[in-house]
Protein chains: 2
Amino acid sequence: MSYGLILSALADPTRRAIVEQLAREPKSVGELAHGFPVSRPAISQHLKVLNDAGVLAVTSQGARRVYRLDPKGMAELRQWLDSLWDTALAAFAAEAETMAKDNQRK
Amino acid sequence: MSYGLILSALADPTRRAIVEQLAREPKSVGELAHGFPVSRPAISQHLKVLNDAGVLAVTSQGARRVYRLDPKGMAELRQWLDSLWDTALAAFAAEAETMAKDNQRK
DNA sequence: TCAAACCGTAACTCATGACTTACGGTAAGC
DNA sequence: GCTTACCGTAAGTCATGAGTTACGGTTTGA
C-alpha cells in the first residue's frame, strides 16, 4: 500500500543515485554527500524521504549515521509492478482471443 | 535507460490510476476522464507524460484515440528494479560473510 | 456543408518540492 | 570542559508540475 511513496521517492534522479550507491555498500551521510554536487543537508533531506518511504535502514555508529538499503521496502514496489504486469498480460491475451473469434465468425 | 521517465511518470497518483485502468482494458480519453475528478485536458496531459515515458500505445479509431498499456515499456523498469535487487542482496550476503569471518577471528 | 463529438495544445494560476544558508544537538579527542 | 566532526531541522528562495479555461483541428452524421 506504500508503493506510492516509494515511486515518488525514486522519481528524483539524486535519490535514485543514492539508492544505487547504498545498494552496493552502506554509507554515512558525509560519504554520500561527497559524491554529489549538492550540499550535505540536501542529501540528509533526500535520505529522510527515502527512509519515510521504507526503503532504507539506519544504524548509529557514534556520531555517524550509516544508511543501507532495505530490500524488504523494495519488495512492495516489485509486488505492485508484478501484479500490474500480470493483469496487463491477461488483458492482452483476452483481447487477442476475442479478436480471433471475430475473425473466425467472419 | 528511460526508467527515469517511467518512475517520474508513475510518481503521480492520477497517472498510476490511469495505468491500472489501462492494464485491465484499453480506453479512450473521454472514458478515462469520466472516472476521474479532474478535467479532460488534465487526463490528456497525463496521457502525454505516460506516452513520452514509453508505457502506452495509441491507436486512432476515427475521432477517438484509444490508449492501452504497453508491457514492453514497463519491462525497462522491471529490469532496473531487478538489477538493483540483485546487487543489494549480493552486498548483503558479502557483508554477512565478512561479519562471520570477524566473529571467527575473535 | 453544418453541426456536434472527440481530442490536443497554449496560456495561466497555484501548490509542491529541491536547494541553499543558518542554527542547534550529540559523540569523540585533546 | 572545549573544540571538532557529524548530522538533523528550520526558514526562505526558486523552479517545476498539476490543474484550470480557452481555443483550434479532425472526424462522423445529418
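Per chain, numbering begins at 1; letters A, B, ... match sequence-line order.
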Side-chain atoms of residues 31-44 of chain B: list all donor-acceptor pairs with protein atoms under 3.5 Å, sequence neighbours left out, distances to 0.1 Å.
unit_1	atom_1	unit_2	atom_2	d
E31(B)	OE1	S28(B)	N	3.0

**Asked** Quick one: OG1 on T14(B) to NE2 on H46(B), what's the gap to the nearest 0.5 Å?
**Response** 4.5 Å

**Asked** Any side-chain heavy-atom pair from K27(A) and I18(A) closer than 4.5 angstrom?
**Response** no

**Prompt:** Got a sec? Which of residues 46-66 of chain B come in under 4.0 Å of DNA chain C, heavy atoms?
**Reply:** K48(B), A63(B), R64(B), R65(B)

**Prompt:** Just wondering, do E20(B) and L84(A) contact through their side chains at under 4.5 Å, heavy atoms?
**Reply:** yes

**Hydrophobic cluster identity match, F92(A) and L22(B), side-chain contacts under 4.5 Å** = no

**Prompt:** Within a strict 4.5 Å, meaning less than it, do heavy atoms of the V58(B) and V66(B) side chains meet?
**Reply:** no

**Prompt:** Which nucleotide of DNA chain C is the first, and which the last, in the 5' to 3' direction, to come under 4.0 Å of a heavy atom belonging to chain A?
**Reply:** dA18(C) to dA28(C)

**Asked** Just how far, in rounded Å, is P of dG19(D) from CD1 of I43(B)?
**Response** 8 Å

**Item:** Shortest non-hydrogen contact between A88(B) and L69(A), atoms and distance
**Value:** CB-CD2, 3.9 Å

**Request:** Specify the residues of residues 29-38 of chain A, ordered by number, for which at least one heavy atom lies under 4.0 angstrom from an atom of DNA chain D.
**Result:** V29(A), G30(A)

**Asked** Can any side-chain N or O of R16(B) pair as donor or acceptor with the backbone N or O of A11(B) at less than 3.5 Å?
**Response** yes

Give me the distances for all protein-to-nucleotides 11-16 of chain D N/O pairs that come in under 3.5 Å?
none

**Prompt:** Are L47(B) and L5(B) connected, step by step, through hydrophobic side chains (Ile, Leu, Val, Met, Phe, Trp, Tyr) whose heavy atoms are closer than 4.5 Å?
**Reply:** no

**Asked** At their closest point, which heavy atom of G54(A) faces which heavy atom of D70(A), and how far apart are they?
**Response** O-OD2, 4.1 Å

**Message:** So if I take residues 6-17 of chain A and measure heavy-atom distances to DNA chain C, which residues fall below 4.0 Å?
**Reply:** D12(A), T14(A), R15(A)

**In one Ile/Leu/Val/Met/Phe/Trp/Tyr side-chain cluster, 4.5 Å: M74(B), L81(B)** = yes

**Asked** Given the rule that I, L, V, M, F, W and Y join up when any side-chain heavy atoms are under 4.5 Å apart, are L10(A) and Y3(A) in one cluster?
**Response** yes

**Asked** Side-chain N or O of S39(B) less than 4.0 angstrom from OP1 or OP2 on dT21(D)?
**Response** no

**Message:** Ignoring hydrogens, what is the shortest heavy-atom contact between S60(A) and R65(A)? Give both atom names and the distance.
**Reply:** OG-NE, 3.7 Å

**Asked** Same cluster or not: are W85(A) and V19(B) linked, directly or through other Ile, Leu, Val, Met, Phe, Trp or Tyr residues, by side-chain heavy atoms under 4.5 angstrom apart?
**Response** yes

**Y67(A) vs L50(A) side-chain heavy atoms within contact, under 4.5 Å** = no

